4 protein chains.
Amino acid sequence: MFEIDPRSATPIYEQIIKKMKELCIKGVLKPGDKLPSVREMSSMIIANPNTVSKAYKELEREGLIETLRGRGTFVSKMVQKKLDEEKIEMIKEELRQIMIDAFYAGISFEQIYQWMKDMNNEFANAFHK
Amino acid sequence: MFEIDPRSATPIYEQIIKKMKELCIKGVLKPGDKLPSVREMSSMIIANPNTVSKAYKELEREGLIETLRGRGTFVSKMVQKKLDEEKIEMIKEELRQIMIDAFYAGISFEQIYQWMKDMNNEFANAFHK
Amino acid sequence: MFEIDPRSATPIYEQIIKKMKELCIKGVLKPGDKLPSVREMSSMIIANPNTVSKAYKELEREGLIETLRGRGTFVSKMVQKKLDEEKIEMIKEELRQIMIDAFYAGISFEQIYQWMKDMNNEFANAFHK
Amino acid sequence: MFEIDPRSATPIYEQIIKKMKELCIKGVLKPGDKLPSVREMSSMIIANPNTVSKAYKELEREGLIETLRGRGTFVSKMVQKKLDEEKIEMIKEELRQIMIDAFYAGISFEQIYQWMKDMNNEFANAFHK
DNA sequence: GTGGTCTAGACCACC
DNA sequence: GTGGTCTAGACCACT
């Protein structure tokens, strides 16, 4: 359920954030669900507690999770999708980069579109809710 | 033509690589074209020759450019689109990440698809060769 | 244990790579072993950290070692001997060159074969695993 | 007959030297044969005359070819195989390196030995003359 | 502590 | 002229 690759170039704390977001969007983690504590999580994925803490703090800053003192950390009930112009530009730029990489890897436009549709389905049609 | 942002979080050498790939894919740089020498480029974008060199070497490793000893660096004549399974998985993973980020940024599926189509048109020559 | 010749024509970073491969193949370095940090190694062999870093990165690219962010560099657990057709051709070409050089140096075929056998014994564990 | 790769990492002048030695050892070039002039050769392989000249000079220094003023350059009649201790050590070191590379490429000892025998045959049994 | 990136400047071999 | 290698030292993010 929660796989982290310490060999990856992407920082561990970032991998945690991404995984968390994915689990939420897929509906595996639902609003109100309790998350493992920092200590539990760090021993689960064999990482430094500081690293897990950093990820949790960032997720809280983004509003995906909430920490209730003495009770634990929970998935937020309402996730507000904020239209951050800067963030949107970043995503667009990343998409452009993927298109370029895909070209050099010999992947067709149609293939990418197919993947996109598959992912949307996998994400419980998050985009159409 | 060649803009680099030294303040960006993405390393300069990576920015060069991306820019180069984009110029090749758009047809601004054609097979056989001579690239600016390491020294020229470094003074153009105000960066260290080593940084430019690093970018050039990576581009050569990927097969996009070739260096002829003592003569300079040139855009490769044959860019073989090799179907590297590992690379494809990586791209797919990146696409998945973008879809997730897009959702949280409140970007619609249709919007992303529109962007993709626009980019595809922009790179039209290359993609439909 | 780790001798480098700064006067040699072969670059220092390449000497490090070769030495490392030899130590791995001889079993002196075992899978999972921690390598000296870039700084340690650079002071050990009296070279610049950048030079050591370059060697480590190449070894990682080849899959012999792995770097765990913030923790250090380690000998890979699974070194997959991938049958890269291009690499094999390169080795064959190098062997051809050696045979030619050996002829002009007055070395007999039998002598070369003897050397090969000796080396094979030296690397025995690795070769017959 | 005479192929040079300007993209290769090995210098062009060295490629010429190696090719020449190979042609001699194979018996394609026989003692007394006339070589193309520097100018001819340079236009043949599309290289700078200086580069060809450098190769010829080195080959002459090694005793493989001889220049007769006003007549041209010829393959030497007697090639003395000199037993240079330093050279021999170098070759042995190169052989060791190949054995290591071969291991990581998944090539067996037997395969290498077979290649060696094939090459010896190809070289008109130079080693057994 | 670790490796990743970068600058400033140097020397070398090759063409 | 070109790129390849190297040093000395710096800053940064990650663990």
Side-chain angles (χ1 to χ4, degrees), chain A residues 4 6-16 42 45-55, chain B residues 4 6-16 34-43 45-57 60 65-74, chain C residues 4 6-16 34-43 45-57 60 65-74, chain D residues 4 6-16 42 45-55:
Chain A
I4 254 68
R7 277 169 232 85
S8 164
T10 65
I12 292 175
Y13 86 97
E14 226 174 275
Q15 289 184 52
I16 298 174
S42 70
I45 61 176
I46 312 173
N48 194 300
N50 288 330
T51 307
V52 177
S53 179
K54 188 170 181 178
Chain B
I4 254 69
R7 265 163 274 108
S8 163
T10 66
I12 294 175
Y13 84 97
E14 234 174 84
Q15 291 183 50
I16 299 174
K34 189 178 186 306
L35 262 48
S37 81
V38 171
R39 287 164 182 72
E40 275 171 13
M41 177 66 91
S42 72
S43 66
I45 62 177
I46 312 174
N48 191 286
N50 281 333
T51 306
V52 178
S53 180
K54 191 172 179 179
Y56 276 26
K57 262 180 231 158
E60 177 161 31
I65 66 179
E66 288 171 351
T67 125
L68 274 59
R69 304 180 60 95
R71 298 223 267 127
T73 311
F74 304 81
Chain C
I4 255 68
R7 267 165 272 107
S8 162
T10 66
I12 294 175
Y13 85 97
E14 233 175 84
Q15 290 183 51
I16 298 173
K34 189 179 185 305
L35 262 47
S37 80
V38 171
R39 286 165 181 72
E40 275 170 14
M41 178 65 91
S42 71
S43 66
I45 62 177
I46 312 174
N48 191 285
N50 282 332
T51 307
V52 178
S53 180
K54 191 172 180 177
Y56 277 26
K57 261 180 233 160
E60 177 161 30
I65 67 179
E66 287 171 350
T67 125
L68 274 59
R69 304 179 60 97
R71 298 223 268 128
T73 311
F74 304 81
Chain D
I4 254 66
R7 275 167 236 85
S8 165
T10 65
I12 292 176
Y13 86 97
E14 226 175 275
Q15 289 185 52
I16 298 173
S42 70
I45 61 177
I46 312 175
N48 194 300
N50 288 331
T51 307
V52 178
S53 178
K54 187 170 180 179

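Naming convention: chains lettered A, B, ... in sequence-line order (proteins, then strands); numbering from 1 in each chain. Here the structure is a predicted model, which is why all the values come from computation and not from measurement. Any value given below was found using the heavy atoms of this structure, including those in side chains, with hydrogens, waters and symmetry copies removed.
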Search all heavy atoms of B:Met41 against all heavy atoms of B:Val52 and return the closest pair with its distance.
CG-CG1, 3.6 Å
Grab the two heavy atoms, one from B:Gly72 and one from B:Lys34, that are nearest each other, plus how far apart they are.
CA-NZ, 4.2 Å
Here the gap from B:Arg69 atom CZ to D:Thr10 atom OG1, rounded to the nearest 0.5 Å, amounts to 7.5 Å
Rounded to the nearest 0.5 Å, how far does CZ of C:Arg71 lie from CD of C:Glu66?
11.0 Å
Select from C:Gly70 and B:Ile46 the residue whose nearest nucleotide in DNA chain E is closer to the 5' end of that strand.
C:Gly70
Is any side-chain nitrogen or oxygen of D:Thr51 closer than 4.0 Å to OP1 or OP2 of E:dC14?
no
Rounded to whole Å, CD1 of B:Ile65 lies from P of F:dG3 at a distance of 9 Å
In this structure, how many angstroms lie between the P atom of F:dC14 and the CD atom of A:Gln15, rounded?
12 Å
Whole-Å distance separating the CD1 atom of B:Ile4 from the P atom of E:dT7
11 Å
Using whole Å, report how far CE of B:Met41 lies from P of F:dG4.
14 Å
Length of the line joining B:Glu40:CD and F:dG3:C1', which is rounded to integer Å:
13 Å
Quick test: give all pairs of protein nitrogen or oxygen and nucleotides 9-12 of chain F nitrogen or oxygen below 3.5 Å, distance rounded to 0.1 Å.
from, atom 1, to, atom 2, distance (Å)
F:dG9, O6, C:Asn50, ND2, 2.9

Provide, to the nearest angstrom, the distance between the NZ atom belonging to B:Lys34 and the C1' atom belonging to F:dT2.
8 Å
Nearest heavy-atom neighbours spanning C:Ile12 and C:Ala47:
CG2-CB, 4.4 Å
Looking only at heavy atoms, what is the nearest atom pair of B:Tyr56 and B:Ser37, with distance?
OH-O, 4.5 Å
In whole angstroms, how far is the P atom of E:dT2 from the CD atom of C:Glu66?
19 Å
Quick check: on DNA chain E, is the nucleotide nearest B:Glu14 upstream (toward 5') of the one nearest B:Leu68, or the reverse? Name the residue that is more 5'.
B:Glu14
Base-pairing string, 5' to 3', of DNA chain F - Watson-Crick or wobble, under 3.5 Å, | interstrand
||||||||||||||.
Distance check: side-chain N/O of B:Ser37 vs OP1/OP2 of F:dG1, anything under 4.0 Å?
no
4.5 Å side-chain heavy-atom contact, D:Ile45 and D:Ile16
yes
Should B:Lys54 be listed as having a side-chain N or O under 4.0 Å from OP1 or OP2 of E:dT5?
yes
B:Lys57 has a side chain; which of F:dT5, F:dC6, E:dC15 sits nearest to it?
F:dT5
Whole-Å distance between F:dT5 P and B:Tyr56 OH?
17 Å
Can you identify which nucleotide, out of F:dC14, F:dT5, E:dC15, has its nearest atom closest to the D:Pro11 side chain?
E:dC15
For C:Pro36 against C:Glu40, the heavy-atom pair lying closest together
CA-OE1, 3.4 Å
Does C:Tyr13 place a side-chain N or O at less than 4.0 Å from the phosphate oxygens OP1/OP2 of F:dT5?
yes
Which comes earlier along DNA chain F counting from the 5' end, the contact point of A:Ile12 or that of B:Pro36, where each point is its nearest nucleotide?
B:Pro36
Correct closest heavy-atom pair for A:Asn50 and A:Asn48 would be N-OD1, 2.9 Å
Under the side-chain contact (heavy atoms from CB on, under 4.5 Å) rule, what do D:Arg7 and B:Leu68 come out as? Steps first, then yes or no, please.
CA-CA 5 Å; D:Arg7 275 167 236 85; B:Leu68 274 59; 4.1 Å; yes
Comparing B:Val38 with C:Arg71, nearest DNA chain F nucleotide closer to 5' gives the residue B:Val38
